[in-house]
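Here's the structure, in structure tokens; my notes come after.
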Number of protein chains: 2
Amino acid sequence: MGWAAPWGPWASPLVRSGNSSASSRSPGVMLTRDRYPVQRLPFSVVSEDDLAALERIVPGRVITDPEELEAPNVDWLRTVRGSSQVLLRPRTTQEVAHVLRYCHERNLAVSPQGGNTGMVGGSTPVFDEIILSTALMNQVISFQDMSGVLVCQAGCVLEELSQYVEERGFVMPLDLGAKGSCHIGGNVATNAGGLRFLRYGSLRGTVLGLEAVLADGTVLNCLTSLRKDNTGYDLKQLFIGSEGTLGVITAVSILCPPRPSAVSVAFLGCPGFAEVLQTFSTCRQLLGEILSAFEFMDAECMQLVGRHLRLASPVQESPFYVLIETSGSEAGHDAEKLSSFLEQVQGSGLVTDGTLATDQRRIQALWALRERISEALSRDGYVYKYDLSLPLDRLYDLVGDLRTRLGPSAKHVVGYGHLGDGNLHLNVTAEAFCESLLGALEPYVYEWTARQQGSVSAEHGLGFKKRDVAGYSKAPEALRLMRQLKALLDPRGILNPYKTLPAHA
Amino acid sequence: MGWAAPWGPWASPLVRSGNSSASSRSPGVMLTRDRYPVQRLPFSVVSEDDLAALERIVPGRVITDPEELEAPNVDWLRTVRGSSQVLLRPRTTQEVAHVLRYCHERNLAVSPQGGNTGMVGGSTPVFDEIILSTALMNQVISFQDMSGVLVCQAGCVLEELSQYVEERGFVMPLDLGAKGSCHIGGNVATNAGGLRFLRYGSLRGTVLGLEAVLADGTVLNCLTSLRKDNTGYDLKQLFIGSEGTLGVITAVSILCPPRPSAVSVAFLGCPGFAEVLQTFSTCRQLLGEILSAFEFMDAECMQLVGRHLRLASPVQESPFYVLIETSGSEAGHDAEKLSSFLEQVQGSGLVTDGTLATDQRRIQALWALRERISEALSRDGYVYKYDLSLPLDRLYDLVGDLRTRLGPSAKHVVGYGHLGDGNLHLNVTAEAFCESLLGALEPYVYEWTARQQGSVSAEHGLGFKKRDVAGYSKAPEALRLMRQLKALLDPRGILNPYKTLPAHA
């Protein structure tokens, strides 16, 4: 077992998952209205007069070309397809406000869209909603060098923001596989979790302020840059995680932590899930404040990543793999902590093989194994995706349970995810979409999760595809209050209809 | 300059500020309705029939003895006094629900009260509201050893919870001077900041779930213990920081970080505020992830703490003092980081004297200097208190500005606070309350703060005393939405009336 063993045979490990081109890969995604039982609500239909009026609000940025509308009508997972015939590209908050005021008056439905990288069909239209794209709202508004507070428009791409703040000695408090395409406004609207959650916590803490446009065109300016502000209700929280159903986020103020001067990644093989959990406990104890990620994946994930992406495992074959990242201010100290941690987990048999990386290229290569699982799965066939929060000690039980339950009707049943946050990504692949397999999975997975007091959507949100399962994790009184809030903020229901709120009251 | 210099002459430094007995110290606090221009709203008056009905809901726990009602009618700062004639002590959520359902039907106003340690008159009745005390709701419901998630009733005292989780290897993510009296439910309702905010962030991130009873008696159970849950709107955020105006928090689920194995405190003297800021920058860079608090106080604070509490400064007299706490998992590493930090700030003249403590007793003694400022001020006379968020580089300007502006009409103008969070506590003392001094302070302080895009209440909330200044930090559209939310959740306005929402629309 060599911690500094020669590097294994890697195939293009630096390539990030290319969400942006996914939707143009091939035709043939069924229309949402055909696959799912959903009825169009009585919104107006966009008329020639409407197009002329919208053209006056965002001149030259009203898109009606069917070819240009192909990609934004389909989600990147290729599971839902809308039939929108209009996409708008505002540049300013005022333009968004004018658009919404107009749509509100005309009772036209609107589907806000950032990078369109969501997992639950939250960012694509269901019928003919007008797509309101944040793509041209991509300006940094300000950055404070002393405090690390970034203020920017909603359409800034996460990776570009990361580069921007890293050049200034800070990091974005969130990071995710889709960083190359996703927009910060979409991240906030989804309350994205991602890979740095364990260290820097939720966007509910790191987003200091935001600006949103309400359904009737009112601009709500809560774009403060203060770490603390207890002057009444924290209205911005309404918009974080509400998936564009209560307002359109147009700008964000976010607290960036100082960039750690030393980052290391250990990639380890564990003989069983109990050992994964014990490795996590040991890790929290010995790595303490420098721990910045604790991810896991099972053996089938590694096989799929190898088969479809030709990425080779850097360690011996194991039932489970763990990726541990540390970030600290003093490389020598971090190395010592890591070394005593690795000695302990190796000595006690919790870990059977492992490798350690401290240079950027190898760190990225190790991360690619974990970050590209989703891409490997989508190449394996049709993917049934579940994003669950579960108690740590039961986190993996459902995976084995499902393998038995589904038998050969599933191609693969895999489990991976943000173990440090209690977040399991459970994925099942099949050659093609199959109603009977779906029936074996649902509501079984949701009922299983509800029995553990888990969450049926840990970080992906509800969007279109999960909105009817909210009740497995939310009490009826909570769902009622959600509907009341929707009615208060968007009385005509024009903002991202058919999303987030359960269809059946 | 000796970092391990002999300890100075300390006078009982371990005594925490005793909020709990403050309100019985002396009589003579003016009734709120006499001092402030406020009109009673047309709620019902508690009748004999009401008392009998309430007695059936919380048998033996309906308090009407005027002597017992004296303390809960007055805030601990002795600035407001209500005239409530009834206090209820429910033990369970169901009892709270029954009480509120009854009060809602009868149109009786209710003032929820925890430890009554608030700074803005948010927890005392203004007129004859029924006081709903959480004092008997003080049970821990569960604690998860692996994840550190504590679930408890709202009336648990913060210090007792701290002891409870520390015995199990964790710490509470918040700490404040009033810890010996304040209730966790009140902390959450106020969105308390405190001394560990810099390290563990806002309650908006660390509170995982809560249970609240709405105005009509509906129990809203959002008491999840999951780190991530994106199943729709995050309703608990409505209640965090809404000061009991939208619902009564009855139970809380909170994420406790692992207890650091090494804690150190450095107490330093700085020659000017520019040096304080540079010390902070250096600190963030060299102490990085182990920094857990960065507090400052000015020379007048130290004089008042010396005069009124007989606490002596452990370092040479300086214009400013800084308290830096580190918390880490490896004492040797932390000591090395601290040592190179202290060398640098000493060598570059940012710091002119200092002392370092690593044992519990001396750490507490150093913290007492900072934590007991508020107590020293209250012994100095009538205190005008301002709790502001400001840009770091302008944080102290207002203090000097006010000294010039007020001249001898003020006894003392002092500045201290959570510099690491951009939070200034600005306090002005006078022999007694004086209308003309108030006129010189307000709206001047608020206007000054608004010009810097600061917050006129960083962590104390609005309560009764600050509700009319919310507009200095919140846009009219935001205030309107606040009122709409209040009307949605508490249509009769019975919950903590005269609080949080500005009186003048």
Side-chain angles (χ1 to χ4, degrees), chain A residues 146-147 191 193 201-202 204-205 218-222 224-235 237-238 241-242 258 260 281 284 286 288-290 328-330 333 337 389 392-393 421-423 453-462 470 473-475 477-478 481-482 484-485 488 500, chain B residues 146-147 191 193 201-202 204-205 218-222 224 226-235 237-238 240-242 258 260 281 284 286 288-290 328-330 333 337 389 392-393 421-423 453-462 470 473-475 477-478 481-482 484-485 488 500:
Chain A
M146 185 174 284
S147 60
N191 188 29
S202 156
R204 299 195 177 277
T218 300
V219 176
L220 188 72
N221 183 349
C222 302
T224 165
S225 293
L226 307 164
R227 283 208 68 176
K228 288 173 163 182
D229 178 21
N230 270 355
T231 53
Y233 309 156
D234 189 7
L235 302 171
Q237 300 290 348
L238 285 170
S242 66
S281 286
R284 293 237 295 185
L286 295 180
E289 65 279 2
I290 63 167
S329 58
E330 186 18 77
H333 292 166
K337 288 190 179 88
S389 275
L392 278 184
D393 55 343
D421 311 320
N423 186 180
Q453 279 84 52
S455 169
V456 294
S457 185
E459 61 175 9
H460 292 171
L462 296 173
S473 298
K474 271 216 160 40
E477 297 80 13
L481 184 49
M482 278 177 59
Q484 290 172 323
L485 289 168
L488 173 66
T500 310
Chain B
M146 186 174 280
S147 60
N191 189 28
S202 158
R204 299 197 176 277
T218 300
V219 177
L220 189 71
N221 182 349
C222 302
T224 167
L226 307 164
R227 284 207 68 176
K228 289 174 164 180
D229 178 19
N230 269 355
T231 53
Y233 308 156
D234 189 7
L235 301 172
Q237 301 290 347
L238 284 170
I240 300 175
S242 65
S281 287
R284 294 238 295 184
L286 296 180
E289 63 280 0
I290 64 167
S329 57
E330 184 21 77
H333 293 166
K337 288 190 180 89
S389 275
L392 278 183
D393 55 343
D421 313 320
N423 185 181
Q453 280 84 50
S455 169
V456 293
S457 185
E459 59 175 11
H460 291 170
L462 298 173
S473 297
K474 271 215 161 35
E477 297 79 14
L481 183 49
M482 277 177 59
Q484 290 173 323
L485 288 169
L488 174 66
T500 310

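All chains are named by letter (A, B, ...) in the order of the sequence lines, taking the proteins before the strands, and each is independently numbered beginning at 1.
Judged by distance alone, the side chain of B:Gln237 and the main-chain N or O of B:Arg204 form a donor-acceptor pair under 3.5 Å. B:Arg227 places no side-chain N or O within 3.5 Å of a backbone atom of B:Ser147 that could act as its donor or acceptor partner.
Only the backbone of A:Leu286 comes within contact range of chain B, judged by heavy atoms closer than 4.5 Å. With a threshold of 4.5 angstrom between heavy atoms, A:Ser389 approaches chain B through its backbone and through its side chain. Proximity to chain A (any heavy atom under 4.5 Å) is restricted, for B:Leu392, to the side chain, taken from C-beta onward. Contact of A:Gln484 with chain B is made through backbone and side chain together, with heavy-atom distances under 4.5 Å. Within the 4.5 angstrom heavy-atom criterion, only side-chain atoms of B:Asn423, from C-beta onward, approach chain A.
Under the side-chain contact (heavy atoms from CB on, under 4.5 Å) criterion, A:Glu477 pairs with A:Ala475, B:Thr218, B:Leu220, not counting sequence neighbours. The salt bridge (Lys or Arg N to Asp or Glu O under 4.0 Å) search around B:Lys337 returns B:Glu289, not counting sequence neighbours.
Among B:Thr224, B:Leu488, B:Val456, the residue making the largest number of heavy-atom pairs under 4.5 Å with chain A is B:Leu488. Ranking B:Gly205, B:Gly201, B:Gly241, B:Ala478 against chain A, the residue ahead of the rest is B:Ala478, based on heavy-atom pairs under 4.5 Å.
Taking 4.5 Å as the limit, some side-chain heavy atom of A:Met482 sits within range of a side-chain heavy atom of B:Leu235.
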